Engineer: 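Can you keep this structure in mind? I'll have questions shortly.
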Amino acid sequence: MPDLEASSSLDFIRVRVAEDVRANKNDGRVHTRFPPEPNGYLHIGHAKSICLNFGVAAENNGLCNLRFDDTNPSKETVEFEESIKTDVHWLGFDWDDRLYYASDYFRKLYEYAVQLVKDGKAYVDSLTADEIREHRGTLTEAGRESPYRNRPVGENLHLFERMRAGEFEDGTHVLRAKIDMASPNVNMRDPVLFRIMHVTHYRAGTQWVIYPMYDYAHPISDALEGITHSLCTLEFEDHRPLYDWFLDNLPVPYRPVQIEFARLNLSYTVLSKRKLLTLVHEGHVKGWDDPRMPTLSGLRRRGYTPEAIRNFCDAIGVAKRDAVVDVAQLEHAIRDDLNRRSSRVMAVLRPLRVVIENYPEGQTEELDAVNNPEDASAGTRKVPFSKVLYIERDDFRQDPPKQFFRLAPGREVRLRYAYFITCKEVVKDASGDIVELRCTYDPATRGGDSPDGRSPKATLHWVSAAHAVPAEVRLYDRLFNEERPADDAPINPSSLELLASCQVEPSLKNAKPGDRFQFERQGYFCVDLDSKPDALVFNRTVTLRDTWAKIEKKNLKRGGNSGTGH
RNA sequence: UGGGGCGUGGCCAAGUGGUAAGGCACAGGUCUUUGGAACCUGUAUUCGGAGGUUCGAAUCCUCCCGCCCCAGCCA
């Protein structure tokens with residue numbers, strides 16, 4: 001059912017589809033398709049297309065096919081196909097039994113081509129690739145016709161059949177549509193339909209040595225599947241006349257319409273398949289699912305949820321103008337989702353030892369902690385407290401700058417769900433580094449409230465040294481430092497920071513890969529695939545919004561000395 | 001200098017002749033046992049520019065400017 005109420009405004013594609021439905025075009029049927037080439041992993045840009053195609057179909061009681069555009073066997077693999085299926089499912093969409101392949105249409109595509117030849121609308125050209133390029137002309141000059149352009153139909157038929165039979169070497173002949181070498185639209189200057197490639201196709205094997213070009217295969221595939229609206233990106237706008245030409249000149253069973261929209265660009269991110277492939281192949285990242293990658297597998301491993309990605313796609317909209325979406329928009333989507341659903345937990349990333357001098361030696365208390373303040377049904381848990389704790393090094397300053405509310409010599413702060421503590425002494429090692437804080441606690445503040453109503457300005461997270469579980473935490477930052485990285489842009493050298501000696505609360509002991517948490521006051525984290533029961537590994541999905549970091553940055557910029565000590 | 005598109009606040013994005021939605025970001029504030037979340041408030045006299053039509057234009061017309069895509073036997 002069209003969800004007209006919920007969306008205050010429809011994008012131009014949905015408006016058009018709605019008009020078609022209202023006009024009862026295609027009998028009111030809506031059928032789309034998501035047509036990836038299995039030559040790489042899906043990324044966030046594909047998510048936009050997936051959400052659009054499956055979304056438009058669903059909103060109109062229609063269907064969306066998954067179709068692999070596997071017309072170039074030199075780049076395509078099963079690994080890529082499998083990853084794509086996994087990712088589309090993970091994103092939350094399903095094609096049921098409508099899994100198609102352009103390669104399944106090779107026979108039909110060949111027969112249609114024969115028809116074109118018979119109709120005098122296609123011919124076998126025996127020019128070399130270079131010669132074809134020379135004949136194509138330039139953007140401002142018309143092309144020239146190939147000397148083979150007027151080969152008799154019979155000869156074309158015979159040659160094309162021999163191409164198919166594998167009698168020729170790669171590059172010796174090609175089948176071309178006979179359209180118009182003088183067209184101002186270069187795509188119409190006798191485009192290539194089939195080329196010879198003695199390459200094994202990952203699905204079709206060695207059945208074929210000629211393979212169809214995208215421009216030829218796509219409209220026919222759409223027609224064969226009864227696609228009503230063929231949605232693609234802007235760079236194919238120039239191809240639409242060609243798309244229509246094939247539908248006009250072939251006895252196809254259906255008449256789809258191609259509509260183009262702007263592809264997604266994200267700031268500080270690269271989304272070209274070629275560049276992503278390079279990052280993987282040259283080892284700049286650890287693989288397609290490296291948590292820094294904008295691939296769906298990377299985002300998944302990083303801890304992103306399908307809901308967040310769908311919400312993001314929803315928020316950015318669909319239009320025709322080139323746009324660069326601020327990556328902050330993506331981060332907002334994941335924070336928004338995780339805030340509602342993830343359990344809070346305490347984890348100390350850079351531990352600083354704290355000894356509570358007036359706390360009884362050997363005593364342990366179990367304190368109540370809320371699992372999710374956004375969701376009462378998430379309940380509470382017990383957190384152990386004892387004499388020796390760890391707090392975050394960043395939560396203490398020998399000389400606290402203005403506006404720094406956390407712990408400092410002589411200052412009292414609250415330990416979340418525990419007690420108020422006051423810093424009495426700073427212990428340093430021979431080189432002057434702080435190694436321990438000696439503090440006292442106020443027994444009357446158990447749980448975090450004081451009977452006299454005083455309330456410290458800061459609440460710190462902590463962990464009991466004797467009970468904490470060691471863990472490794474991987475902090476990620478943007479992969480590129482430039483807002484619009486060039487194709488040869490170097491990656492951000494600090495895009496990955498590995499923290500090997502973190503201490504997390506004991507409730508995390510049995511966390512499993514994929515589990516997500518909010519580490520209070522720090523961010524959202526998920527258990528990495530590399531994690532083992534006795535060697536926990538967490539990925540930071542995204543930080544929490546950090547007002548203090550903002551103040552600090554502002555002070556730094558102002559040239560002011562914030563007195564940080566770092 | 002051929003063709004095809006696109007230009008609305010810092011970033012997205014509605015609006016299609018009746019006097020500029022919404023989201024993100026940003027800035028204040030309320031609240032707070034996360035400097036989180038939530039909530040409130042503020043932010044385009046103006047829609048790439050200049051003319052014109054009209055009682056009235058981001059929306060119609062003219063001219064100009066800018067940006068993107070196309071010369072793979074890639075998709």
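Keep in mind the model is a prediction, meaning the values are calculated, not measured.
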Engineer: Does A:R195 place a side-chain N or O at less than 4.0 Å from the phosphate oxygens OP1/OP2 of B:rC74?
Structural biologist: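 For B:rC74, OP1 or OP2 has a side-chain N or O of A:R195 closer than 4.0 Å.
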Engineer: Can you check the distance between B:rA20 and B:rU46, where both ends of the measurement are the P atom (answer in whole Å)?
Structural biologist: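 Rounded to whole Å, the distance is 12 Å.
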Engineer: With rounding to the closest Å, how many angstrom separate the C1' atoms on B:rG52 and B:rA57?
Structural biologist: 11 Å
Engineer: Where the side chain of A:R136 is defined as all heavy atoms beyond and including C-beta, which of B:rG3, B:rU34, B:rA71 is the nearest nucleotide?
Structural biologist: B:rA71
Engineer: Would A:Y214 and A:F236 count as a close aromatic pair, with their ring centres under 6.0 Å?
Structural biologist: yes
Engineer: Round to a whole Å and report the spacing from CG of A:L338 to C1' of B:rG36.
Structural biologist: 13 Å
Engineer: Across all strands shown, which nucleotide pairs with B:rA21 by Watson-Crick or G-U wobble geometry, both distances under 3.5 Å?
Structural biologist: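 Base-paired to nothing in any strand shown.
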Engineer: If you look at every strand shown and take non-hydrogen atoms under 4.0 Å, does A:I132 touch a base, only sugar-phosphate, or nothing?
Structural biologist: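 Base: the residue A:I132, judged by heavy atoms under 4.0 Å, touches a nucleobase.
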Engineer: Tell me whether the centres of the aromatic rings in A:F160 and A:Y110 are closer together than 6.0 Å.
Structural biologist: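 Here the rings of A:Y110 and A:F160 have centres that are less than 6.0 Å from each other.
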Engineer: Between B:rG35, B:rC11, B:rA14, which one does the side chain of A:T547 approach most closely?
Structural biologist: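 Looking only at side-chain atoms, A:T547 lies closest to B:rG35.
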Engineer: Which is true for A:I316 with a 4.0 Å heavy-atom rule: it touches a base, it touches only sugar-phosphate, or it touches nothing?
Structural biologist: sugar-phosphate
Engineer: With hydrogens left out and only the distance checked, is there a donor-acceptor pair under 3.5 Å joining A:D238's side chain and the base of B:rG3?
Structural biologist: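 Flag set: donor-acceptor pair detected.
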Engineer: Do A:Q329 and B:rG23 have a side chain to base donor-acceptor pair shorter than 3.5 Å?
Structural biologist: yes
Engineer: Can you check the distance between B:rA44 and B:rC11, where both ends of the measurement are the P atom (answer in whole Å)?
Structural biologist: 16 Å
Engineer: Confirm from the modelled atom types if A:E374 and B:rG36 form a donor-acceptor pair under 3.5 Å, side chain to base only.
Structural biologist: yes
Engineer: Could you check whether A:F404 and A:W548 have their ring centres less than 6.0 Å apart?
Structural biologist: yes
Engineer: Give one of base, sugar-phosphate or nothing for A:Q518, where a contact means two heavy atoms less than 4.0 Å apart.
Structural biologist: base
Engineer: Select base, sugar-phosphate, or nothing to describe what A:D125 touches, counting heavy atoms under 4.0 Å on all strands.
Structural biologist: nothing
Engineer: Side chain of A:E235 only, heavy atoms from C-beta on: which candidate in B:rA37, B:rG2, B:rA75 is closest?
Structural biologist: B:rA75
Engineer: For the aromatic rings, using the six-membered ring if either is Trp, is the centroid distance between A:F106 and A:Y211 under 6.0 Å?
Structural biologist: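 Ring centres of A:Y211 and A:F106 closer than 6.0 Å.
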Engineer: What integer number of Å spans the P atoms of B:rU53 and B:rU62?
Structural biologist: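 Roughly 15 Å separates the two P atoms.
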Engineer: Within less than 4.0 Å of OP1 or OP2 of B:rC74, is there a side-chain N or O belonging to A:S74?
Structural biologist: no
Engineer: Quantified in whole Å, what is the P atom distance between nucleotide B:rA58 and nucleotide B:rG51?
Structural biologist: 14 Å
Engineer: Does A:R340 reach a base, just sugar-phosphate, or nothing at all? Heavy atoms under 4.0 Å.
Structural biologist: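 The residue A:R340 makes no contact with any strand.
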Engineer: Just to be sure I understand the rule, does A:L127 reach a base, reach only the sugar-phosphate, or reach nothing, if contact means heavy atoms closer than 4.0 Å?
Structural biologist: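 Since a base atom lies under 4.0 Å of A:L127, the category is base.
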Engineer: Expressed in whole Å, how much space separates the P atoms belonging to B:rU8 and B:rA13?
Structural biologist: 9 Å
Engineer: Among the candidates B:rA75, B:rU34, B:rG2, find the nucleotide nearest to the side-chain atoms of A:F236.
Structural biologist: B:rA75
Engineer: Does A:K550 place a side-chain N or O at less than 4.0 Å from the phosphate oxygens OP1/OP2 of B:rC26?
Structural biologist: yes
Engineer: Relative to the 5' end of RNA chain B, which residue comes earlier, A:E37 or A:R414, by the nucleotide with the nearest heavy atom?
Structural biologist: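 The answer here is A:R414.
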Engineer: I want to verify a distance call: between B:rG36, B:rC12, B:rC24, whose nearest atom is closest to the A:R545 side chain?
Structural biologist: B:rG36
Engineer: Grab the CD1-P distance between A:I179 and B:rC70 for me, whole Å please.
Structural biologist: 19 Å
Engineer: If you check every side-chain atom of A:K320, which of B:rG5, B:rA71, B:rA14 has the closest atom?
Structural biologist: B:rG5
Engineer: Please state how far atom CD in A:E169 lies from atom P in B:rC73, giving the value in whole angstrom units.
Structural biologist: 19 Å
Engineer: When the distance from CD of A:E134 to P of B:rA71 is rounded to whole Å, what number comes out?
Structural biologist: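 So the two atoms are 16 Å apart, to the nearest Å.
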Engineer: What is the distance, rounded to the nearest whole Å, between atom CZ of A:F80 and atom C1' of B:rA75?
Structural biologist: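 Going from A:F80 (CZ) to B:rA75 (C1'), I get 14 Å.
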Engineer: I need the NZ-P distance between A:K554 and B:rG28, as an integer number of Å.
Structural biologist: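 My rounded result for the distance is 5 Å.
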Engineer: Write down the distance separating the C1' atoms in B:rG17 and B:rC55, rounded off to the nearest Å.
Structural biologist: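 After rounding to an integer number of Å, I get 12 Å for this pair.
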Engineer: To the side chain of A:R416, which of B:rU34, B:rA14, B:rA75 is closest?
Structural biologist: B:rU34
Engineer: What is the distance from CZ of A:R189 to P of B:rG4, rounded to the nearest Å?
Structural biologist: 13 Å
Engineer: Under the rule syn = chi within 90° of 0, otherwise anti, which is B:rG22?
Structural biologist: anti
Engineer: Confirm from the modelled atom types if A:Q522 and B:rU34 form a donor-acceptor pair under 3.5 Å, side chain to base only.
Structural biologist: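 Side chain to base: no pair below 3.5 Å.
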Engineer: Here's a test for you: under side chain to side chain contact (heavy atoms under 4.5 Å, CB included), which of A:L544, A:V348, A:V345 qualifies with A:F519?
Structural biologist: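 Output: one option passes, namely A:V345.
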Engineer: Between B:rU34, B:rG7, B:rG5, which nucleotide gets closest to the side-chain atoms of A:R321?
Structural biologist: B:rG7
Engineer: Determine whether the aromatic ring centres of residues A:H239 and A:Y243 are separated by less than 6.0 angstrom.
Structural biologist: no
Engineer: For this output row, return yes or no: ring centroids of A:Y419 and A:F385 closer than 6.0 angstrom.
Structural biologist: yes
Engineer: Counting side-chain heavy atoms from C-beta on, which of B:rC12, B:rA14, B:rA27 comes nearest to A:V324?
Structural biologist: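 Among B:rC12, B:rA14, B:rA27, the one nearest the side chain of A:V324 is B:rC12.
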Engineer: Quick one: do the A:E225 and A:N65 side chains pair a donor with an acceptor below 3.5 Å?
Structural biologist: yes
Engineer: How is A:V318 classified with respect to the nucleic acid when contacts are heavy atoms under 4.0 Å: base, sugar-phosphate, or nothing?
Structural biologist: sugar-phosphate
Engineer: Search all heavy atoms of A:S83 against all heavy atoms of A:G40 and return the closest pair with its distance.
Structural biologist: OG-O, 4.4 Å
Engineer: Across all strands shown, which nucleotide pairs with B:rG2 by Watson-Crick or G-U wobble geometry, both distances under 3.5 Å?
Structural biologist: B:rC70
Engineer: Checking all strands, does A:R240 fall into the base, sugar-phosphate, or nothing category for heavy-atom contacts under 4.0 angstrom?
Structural biologist: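 Here A:R240 touches no strand at all.
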Engineer: Within the structure shown, what part of the strands sits under 4.0 Å from A:I551 by heavy-atom distance: base, sugar-phosphate, or nothing?
Structural biologist: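 Answer is base: heavy atoms of A:I551 come under 4.0 Å of a base.
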Engineer: Give none if B:rG7 has no partner; otherwise give the nucleotide forming a Watson-Crick or G-U wobble pair with it, both distances under 3.5 Å.
Structural biologist: B:rC65
Engineer: Distance check needed: B:rA37 C1' versus A:H332 NE2, whole Å only.
Structural biologist: 12 Å
Engineer: Tell me which nucleotide, if any, is Watson-Crick or G-U wobble paired with B:rA58 when both distances must be under 3.5 Å.
Structural biologist: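 Looking at the geometry, B:rA58 pairs with no nucleotide.
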Engineer: Identify whether any heavy atom of A:P241 sits under 4.0 Å from a base atom; if not, whether one sits that close to sugar-phosphate; answer base, sugar-phosphate or nothing.
Structural biologist: nothing
Engineer: Return the nearest nucleotide to the side chain of A:R521; candidates are B:rG35, B:rA14, B:rG2.
Structural biologist: B:rG35
Engineer: Do A:D337 and A:R341 meet the salt-bridge criterion of a basic N to acidic O distance under 4.0 Å?
Structural biologist: yes
Engineer: If you measure from the P atom in B:rU43 to the same atom in B:rG10, how many Å do you get, rounded?
Structural biologist: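 Looking at atom P only, B:rU43 and B:rG10 are 15 Å apart.
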Engineer: Write down the partner of B:rG42 under the Watson-Crick or G-U wobble criteria, each distance required to be under 3.5 Å.
Structural biologist: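 In the structure as shown, B:rG42 has B:rC26 as its Watson-Crick or wobble partner.
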Engineer: B:rA75 base stacked by A:Y214? Criteria: ring centres under 5.5 Å, plane angle under 30°.
Structural biologist: no
